[in-house]
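Every chain is numbered from 1 and lettered A, B, ... according to where its sequence line falls, protein lines coming before strand lines.
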Number of protein chains: 2
Amino acid sequence: MLTPLRKGSDYHHGDLRDAVIQVARDLVANEGVSSLGIRRVALRVNVTPAALYRHFESLEQLRGEVSGRVRNEMAEMMILAREKVGPATLSKTRSRARFSAIGDAYVAYARKFPRLFEIAFLTCDALPETEESLAWRTLEESLEELINSGLLERRKSLKAATLAWSSIHGLASLVASQTISNKEYPLFRKSVLDGVQDAVFAR
Amino acid sequence: MLTPLRKGSDYHHGDLRDAVIQVARDLVANEGVSSLGIRRVALRVNVTPAALYRHFESLEQLRGEVSGRVRNEMAEMMILAREKVGPATLSKTRSRARFSAIGDAYVAYARKFPRLFEIAFLTCDALPETEESLAWRTLEESLEELINSGLLERRKSLKAATLAWSSIHGLASLVASQTISNKEYPLFRKSVLDGVQDAVFAR
DNA sequence: CAATAATGTAAACAATGTTAACACCTCTTC
DNA sequence: GAAGAGGTGTTAACATTGTTTACATTATTG
C-alpha cells in the first residue's frame, strides 16, 4: 500500500494522525513538553483543532502517543548504534562493544534530545498499548550475546540487565534534567560504565 | 518569630507564598504535575488568582518552586532515615547501614510520591537559586563516614558517589514512571543495591 | 449511482494564565 | 497619633486553551 498522502483535493489530509504525532514530537523536542497543545499542533499541520479529535481522544492521549513514539525512536537509535560496531559474532570483544554501544546510545539520546527523553518517561494517564519495551528486548539480546561468547553466566543475566538499565537510565535522566552538567558528565559516564561492567563481567 | 499567620483582618493572608507552595505540592502529589494551575491553587488557598502574582512571576516559576521544595523534602527524608539507624560512629556495619539507608529513602520517596518525584527532576525554565543539592551533600557525608571507618578508599570516593547516585536515581525514576511495576521492583532493587555495594566496597 | 462512513470545518463553551486599575492593610516617619 | 508609602489583596477584563456540537465534504461500499 503506497502512501496515498494527498488525493485529489485538500479537504482530507490523507495521513493526519501520523503527521500530528510527528509535528507534536518536534514541538516537544524544541519547546518542551509543556508547550505541546492541540491548537499549536493543529496550526502547524494546517488543520482545524477539532480535526485532531478524529484521531485522538484528548491532549493527554496525544501526549501518550508521542511518548510511545519517542521510546521507539530511542530503541531504534540503540539498535542502529549496535549494528554500527559490526554484526553479532561469538567474539568477546565484539559482543562487549555491542553491549556498550546500546548503553551509550541510550544516554546519547537523552543528551541530544532532553525534552524528548523527558516525555518518554512521563507518567501518562493514557499510554498506547503496553507492548513490551523494544529497548528492553534489545538489551536482552545483547546480554544473550554476552552469554554465548562466554562473558556472562546465564544465572547472572537478569541481575545484570536490571542493574545495567537502572544505572544507565539514571545517568541519562540526570543529564536530561540538567541535574548534572556537561562538565560533570564525563566523570559520571565513566563511573557508571565501569560499575556496570564490573557487575556484569565477573572478574 | 512566631507565626503571625492571620492578624486582625482577613484581607491579608499573612503567609501566602508558603501556603501556596504547600497547596501546590499537595495538588501535584495527588493529581499530577499537569493539573497544577494558578487558579486551582488560588481556589484552595481562598485567594484571588491575581494575588499569586505578588509572590510568583508565573506558573512556570511556581512549578520551579514546588520542584525545589520537593527536592528538599526528599533530602530531609534521607537524613531522617539515616539518623534512624543510629548516630554516626566508626563502626563498619553502622556506617554501611547509614549509607544504605539514604539510598533506600531515595527510592522509597519515589515509590510513595511518584508525582512529586516527577516534578522534582522536571526541566524547569525557572528554578529557584541553584544551591548545591542537599541530597548530594548528604550522600557525600555518608561516603566520608565510609572512608573514616575504613570501608572506602578516598580516591574511589567520587567515583562511588556518582555511580551510587546514578543507579539509585535510575531505579527511583523507573519506579516512579511505572516503567517497572511493583512486582518487578524487588529484583531491580536487589540488583542495584548489590551492584552499588560491589562497586563501592572493593572486595 | 446512491447511501453510508470517515474525516474535515465552523462556531461556540467553559476554563486557563496574565495584566491593569483599584482597595485595603500595615508600617515607617514626622 | 496622623499622614503617606509600600506591600498585598480584589475586580474585571483579555487572549488563549481543550473540548463539544452541528454541519460540510470526501471516500468507500453496496
Side-chain angles (χ1 to χ4, degrees), chain A residues 1-24 27-28 30-67 119 122 124-127, chain B residues 1-24 27-28 30-67 119 122 124-127:
Chain A
M1 192 206 305
L2 280 185
T3 85
L5 267 181
R6 294 256 185 153
K7 298 202 175 173
S9 114
D10 269 24
Y11 195 94
H12 285 70
H13 177 285
D15 193 22
L16 246 174
R17 182 168 176 94
D18 232 56
V20 164
I21 300 185
Q22 183 61 37
V23 165
L27 192 60
V28 171
N30 294 326
E31 311 189 26
V33 49
S34 66
S35 59
L36 169 60
I38 294 284
R39 288 182 121 101
R40 295 177 69 131
V41 171
L43 257 186
R44 306 196 184 203
V45 189
N46 248 14
V47 141
T48 263
L52 271 64
Y53 287 85
R54 299 287 177 202
H55 303 271
F56 308 93
E57 285 182 357
S58 64
L59 171 60
E60 187 62 24
Q61 196 209 304
L62 174 56
R63 277 229 302 257
E65 225 67 44
V66 172
S67 172
I119 204 181
L122 227 49
C124 296
D125 292 349
L127 44 156
Chain B
M1 197 204 308
L2 279 186
T3 85
L5 267 183
R6 297 259 186 152
K7 298 203 175 170
S9 114
D10 269 22
Y11 195 93
H12 285 68
H13 177 284
D15 193 23
L16 246 176
R17 179 169 178 96
D18 232 54
V20 164
I21 299 185
Q22 184 60 39
V23 166
L27 191 61
V28 170
N30 294 327
E31 310 189 28
V33 49
S34 65
S35 59
L36 169 60
I38 294 284
R39 288 183 121 102
R40 295 178 70 132
V41 171
L43 257 186
R44 305 197 184 203
V45 189
N46 249 12
V47 140
T48 262
L52 272 65
Y53 286 86
R54 298 285 177 207
H55 303 271
F56 308 92
E57 285 183 355
S58 63
L59 171 60
E60 187 61 23
Q61 195 208 304
L62 173 57
R63 277 227 304 256
E65 225 68 45
V66 173
S67 172
I119 203 181
L122 226 49
C124 297
D125 293 349
L127 42 159

In terms of side-chain heavy atoms of [X], which of [options] is nearest?
| X | options | answer |
| --- | --- | --- |
| B:Thr48 | D:dT11, D:dG18, C:dT7 | D:dT11 |
| A:Ala50 | C:dA10, D:dT19, C:dT18 | C:dA10 |
| B:Ser58 | C:dT18, D:dT19, C:dT9 | C:dT18 |
| A:Arg54 | C:dG8, D:dT19, C:dT18 | C:dG8 |

Distance test, side-chain N/O of A:His55 to OP1/OP2 of C:dG8, below 4.0 Å =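 For C:dG8, OP1/OP2 do have a side-chain N/O of A:His55 under 4.0 Å.
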
Roughly how many Å is it from [atom1] in [X] to [atom2] in [N], rounded to a whole number?
| X | N | atom1 | atom2 | value |
| --- | --- | --- | --- | --- |
| B:Phe56 | C:dT19 | CZ | P | 15 Å |
| A:Leu43 | D:dG18 | CG | C1' | 14 Å |
| B:Tyr53 | D:dA12 | OH | C1' | 15 Å |
| A:Arg63 | D:dT19 | CZ | P | 10 Å |
| A:Arg39 | C:dC13 | CZ | P | 14 Å |
| B:Leu52 | C:dT19 | CG | C1' | 14 Å |
| A:Glu31 | D:dT17 | CD | P | 12 Å |
| A:Asp15 | C:dT7 | CG | C1' | 13 Å |

Kindly indicate, with the supporting measurements, whether the criterion side chain to side chain contact (heavy atoms under 4.5 Å, CB included) is fulfilled by B:Leu122 and A:Leu122.
-> CA-CA 9 Å; B:Leu122 226 49; A:Leu122 227 49; 3.9 Å; yes

Which residue, B:Glu57 or B:Arg40, contacts DNA chain C at a nucleotide closer to its 5' end, judged by nearest heavy atom?
->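 Closer to the 5' end of DNA chain C: B:Arg40.
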
Who passes side chain to side chain contact (heavy atoms under 4.5 Å, CB included) against A:Asn30, sequence neighbours left out?
->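 Residues passing side chain to side chain contact (heavy atoms under 4.5 Å, CB included) with A:Asn30: none at all.
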
Compare every heavy atom of B:Leu36 with every heavy atom of B:Ala24, then report the nearest pair and how far apart it is.
->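 Nearest heavy atoms, B:Ala24 then B:Leu36: CB-CD1, 3.7 Å.
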
Do any pairs count as a side chain to side chain donor-acceptor pair (under 3.5 Å) and have a residue in residues 34-44 of chain A, sequence neighbours left out, and if so which ones?
->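 The answer is A:Glu31-A:Arg40, A:Glu31-A:Arg44.
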
Could you please spell out the steps behind the side chain to side chain contact (heavy atoms under 4.5 Å, CB included) verdict for A:Phe56 and A:Ile21?
-> CA-CA 10 Å; A:Phe56 308 93; A:Ile21 300 185; 3.7 Å; yes

